Amino acid sequence: MSQNPKPADAAAPRLGKLLKRSFFNRSVHEVAPDLIGATLLVDGVGGMITEVEAYHHLDPAAHSFRGPTPRNRIMFGPPGFAYVYRSYGIHWCANFVCEAEGSASAVLIRALQPTHGVAAMRRRRGLQEERALCSGPGKLCEALGITIKHSELPLDQPPFALHARLGKPEIAAGVRIGITKAVDLPWRYGLKGSRFLSKPF
DNA sequence: AACGGGATGTTCT
DNA sequence: GAACATCCCGTTT
């Protein structure tokens, strides 16, 4: 027997306190950069958020821009809930609803650095390279097991756990990816220098 | 490194 | 019928 077996997530950093729903009761433009460095876990699997995008109600690229539908109705409710939608008929993408009820803003979670449950993520993604496990919104949902079943669930209750970041990271900003409307708004935020991004800034 | 095509659910015109 | 907040894999620079 080895005297000191290596834990599955040996490099997992210490976690900050759990974020409450009220964290999201602010402008999406404050919440989005503040999420960089926070740790997102779903049933204990996840990591440190490295890339997000802000979508505001008055932004033509936002799903809420044309008003409520059965799909996006959670965006028109109170903050601190998940909005999950299917992208291109294949992938899931996860958002966190922000601002006051009715404001219909949300942050798209685009990438994270795997820290917890890496073996589970590799299994779900059928992939070894840690860099590519969660380097995009669809990949991230597959790795964390996020589906439509998670939509409209509160973010401060299981299976979600969102831990505050410990330090204050340097934030990079740039234009959002993969959209055709409002393409020049610099509402993509990321962890400066991170290698766990969908694309460099 | 950049580009093209295929997969395909939900919403919108 | 087209568009879409994507990803993967093959082909071409």
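All chains are named by letter (A, B, ...) in the order of the sequence lines, taking the proteins before the strands, and each is independently numbered beginning at 1. Since the structure is predicted, the reported quantities are computational estimates derived from the model, not experimental observations.
Only one option out of A/Val175, A/Val28, A/Asp59 pairs with A/Trp187 in a side chain to side chain contact (heavy atoms under 4.5 Å, CB included); it is A/Asp59.
Using a 4.0 Å cut-off between charged nitrogen and carboxylate oxygen, A/Lys199 and A/Glu51 do not count as a salt-bridge pair. Salt bridge absent: A/Arg124 and A/Glu142 never bring a charged side-chain N and a carboxylate O closer than 4.0 Å.
A/Ile179 places its CD1 atom 7 Å from the C1' atom of C/dA5, with the value rounded to the nearest Å. One can place CD1 of A/Ile177 at 9 Å from P of C/dC7, the figure rounded to the nearest angstrom. Distance CG (A/Leu140) to P (C/dA5): 18 Å, rounded to an integer number of Å. In this structure, A/Lys181 places its NZ atom 11 Å from P of C/dA3, rounding to the nearest Å. The distance between atom CD of A/Glu129 and atom P of C/dC8, rounded to the nearest whole Å, is 10 Å. Taking atom CD1 of A/Ile90 as the reference point, atom C1' of C/dC7 lies 7 Å away to the nearest angstrom. Per the geometry, CG belonging to A/Asn72 stands 13 Å off C1' belonging to C/dA5, to the nearest Å. Rounding to whole angstrom units, NZ of residue A/Lys139 and C1' of C/dC9 are separated by 13 Å.
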>> Test side chain to side chain contact (heavy atoms under 4.5 Å, CB included) on A/His63 and A/Asn95; report intermediate values, then the result.
In response: CA-CA 11 Å; A/His63 285 179; A/Asn95 298 253; over 6 Å; no
> Pairing of DNA chain C as dot-bracket, 5' to 3': ( ) intra-strand, [ ] crossing, | other strand, . unpaired, with Watson-Crick or G-U pairs under 3.5 Å?
Replying inline: ||||.|||||||.
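Using modelled atom types, one side-chain atom of A/Arg131 and one backbone atom of A/Arg195 make a donor-acceptor pair closer than 3.5 Å. Under the 3.5 Å distance criterion, the side-chain polar atoms of A/Arg165 are matched with a main-chain donor or acceptor of A/Asp34.
The distance from the CD1 atom of A/Ile177 to the CG atom of A/Leu108 is 10.0 Å, given to the nearest 0.5 Å.
Residue contacts shown for A/Thr180 are limited to sugar-phosphate atoms, with no base heavy atom under 4.0 Å away. Using a 4.0 Å heavy-atom criterion, one finds that A/Arg188 contacts no nucleic acid atom at all. Counting non-hydrogen atoms under 4.0 angstrom, A/Arg71 reaches the backbone sugars and phosphates but no base.
Comparing the same atom, P, in C/dT13 and in B/dG5 gives a spacing of 14 Å after rounding to whole Å. C/dA5 and B/dT13: their P atoms are spaced 13 Å apart (whole Å).
Under 4.0 angstrom from either OP1 or OP2 of B/dT11 there lies no side-chain N or O belonging to A/Arg73.
Under the 4.5 Å side-chain contact rule for hydrophobic residues, A/Val52 and A/Phe23 share a cluster.
Within 6.0 Å of CD in A/Glu30 there are more than 12 heavy atoms belonging to other residues, nucleotides or ligands. Crowding of A/Arg21 atom CZ: a count of heavy atoms from other residues, nucleotides or ligands under 6.0 Å exceeding 12.
Of all the residues in residues 54-69 of chain A, A/Arg66, A/Thr69 reach under 4.0 Å from DNA chain B with at least one non-hydrogen atom.
Remark: the A/Tyr88 side chain and the C/dA5 base include no donor-acceptor N/O pair separated by less than 3.5 Å.
Positionally, the nearest nucleotide of DNA chain C for A/Gly178 lies more toward the 5' end than for the other of A/Gly178 and A/Leu127.
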